[in-house]
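Structure, as structure tokens:
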Amino acid sequence: MIIGLGSDHGGFALKEELKKYVEELGYDVKDYGTHSTDSVDYPEFGKAVGQGVVKGEVDFGIVCCGSGIGISIAANKVKGIRCAQVWEPYGAKMCRRHNNANMISLGGRMVGLDMAKECVRAFLTTDFEGGRHERRVAKLEG
Ligand code: RB5
């Protein structure tokens with residue numbers, strides 16, 4: 001399984017740490033940038049990872065900006081993306097179980113590294129429940 005990662009400058013440090021962690025968990029990684037702390041615009045990176053997910057270049061996406069908000073909004077503008085902003089593992093698990101989220105976003109200025117890692121692990125190891133949630137998720141695509 002290949003996981004796409006992306007961030008702006010505000011999420012760069014967290015993205016770099018999560019890249020190592022995702023590899024430690026045994027997944028392959030595709031890094032869509034950014035590649036430094038130079039100031040950049042988060043929509044470019046949220047959309048790039050989202051497009052990678054819908055094209056099938058990667059299986060899931062994990063994106064980081066300062067708050068986790070802007071980059072999740074950007075990712076959710078890509079048709080077919082369900083990106084949940086998470087900051088604790090329960091949400092990271094439930095966005096897979098009930099919402100079939102294919103991306104999560106985290107705020108590099110909001111979430112500590114250990115908590116972020118737990119979110120990532122919960123997201124990547126939880127399956128969609130299907131059943132009644134299939135109908136609801138289908139209704140998200142207008
Ligand atoms: C950049 O300063 C900051 O606005 C960005 O990382 C993010 O938090 C936007 O939602």
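Order of listing sets the numbers, starting from 1, for every ligand and every atom in it. Quick caveat, the model's predicted, so the values are computed rather than measured.
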Notebook entry, point to check: Could an N or O of ligand 1 be found under 3.5 Å from any N or O of Gly66, whether backbone or side chain?
Noted result: yes
Check: Between Lys47 and Glu44, is there a salt bridge with N-O shorter than 4.0 Å?
Finding: no
Notebook entry, point to check: Are Arg121 and Glu118 within salt-bridge range, i.e. N to O under 4.0 Å?
Noted result: yes
Notebook entry, point to check: For the ring pair Phe60 and Phe123, is the centre-to-centre distance below 6.0 Å?
Noted result: yes
Next item on the list: State, with a plain yes or no, whether a side-chain heavy atom of Asp31 is found less than 4.5 Å away from one of Glu16.
Entry: yes
Notebook entry, point to check: So is Lys30 actually on top of Tyr32's ring, under 6.0 Å and inside 45° of the axis?
Noted result: yes
Item checked: Shortest protein contact, atom 8 (O) of ligand 1 (heavy atom only) -> Ser67 N, 2.9 Å
Margin query: Taking Glu129 first and then Arg96, would you say they form a salt bridge - that is, a charged N and a carboxylate O separated by under 4.0 Å?
Written below: no
Checklist line | Contact (N/O only, under 3.5 Å) between Asp8 and ligand 1 | finding: yes
Next item on the list: Answer yes or no: is there a side-chain heavy-atom contact under 4.5 Å between Cys83 and Ile104?
Entry: no
Next item on the list: Identify the protein heavy atom lying closest to atom 1 (C) of ligand 1, giving its residue, its atom name and the separation to 0.1 Å.
Entry: His9 NE2, 3.6 Å
Check: Which protein heavy atom lies closest to atom 10 (O) of ligand 1, and at what distance to 0.1 Å?
Finding: Gly70 N, 2.9 Å
Next item on the list: Would you mind checking which non-hydrogen protein atom is closest to atom 7 (C) of ligand 1, with the distance to 0.1 Å?
Entry: Cys65 SG, 3.4 Å
Check: Do Gly10 and ligand 1 have an N or O pair less than 3.5 Å apart?
Finding: no
Margin query: Just to confirm my output: which protein heavy-atom neighbour is closest to atom 2 (O) of ligand 1, and how far is it?
Written below: Arg109 NH1, 3.3 Å
Item checked: Exercise check, heavy-atom protein proximity under 4.0 Å to atom 4 (O) of ligand 1 -> no
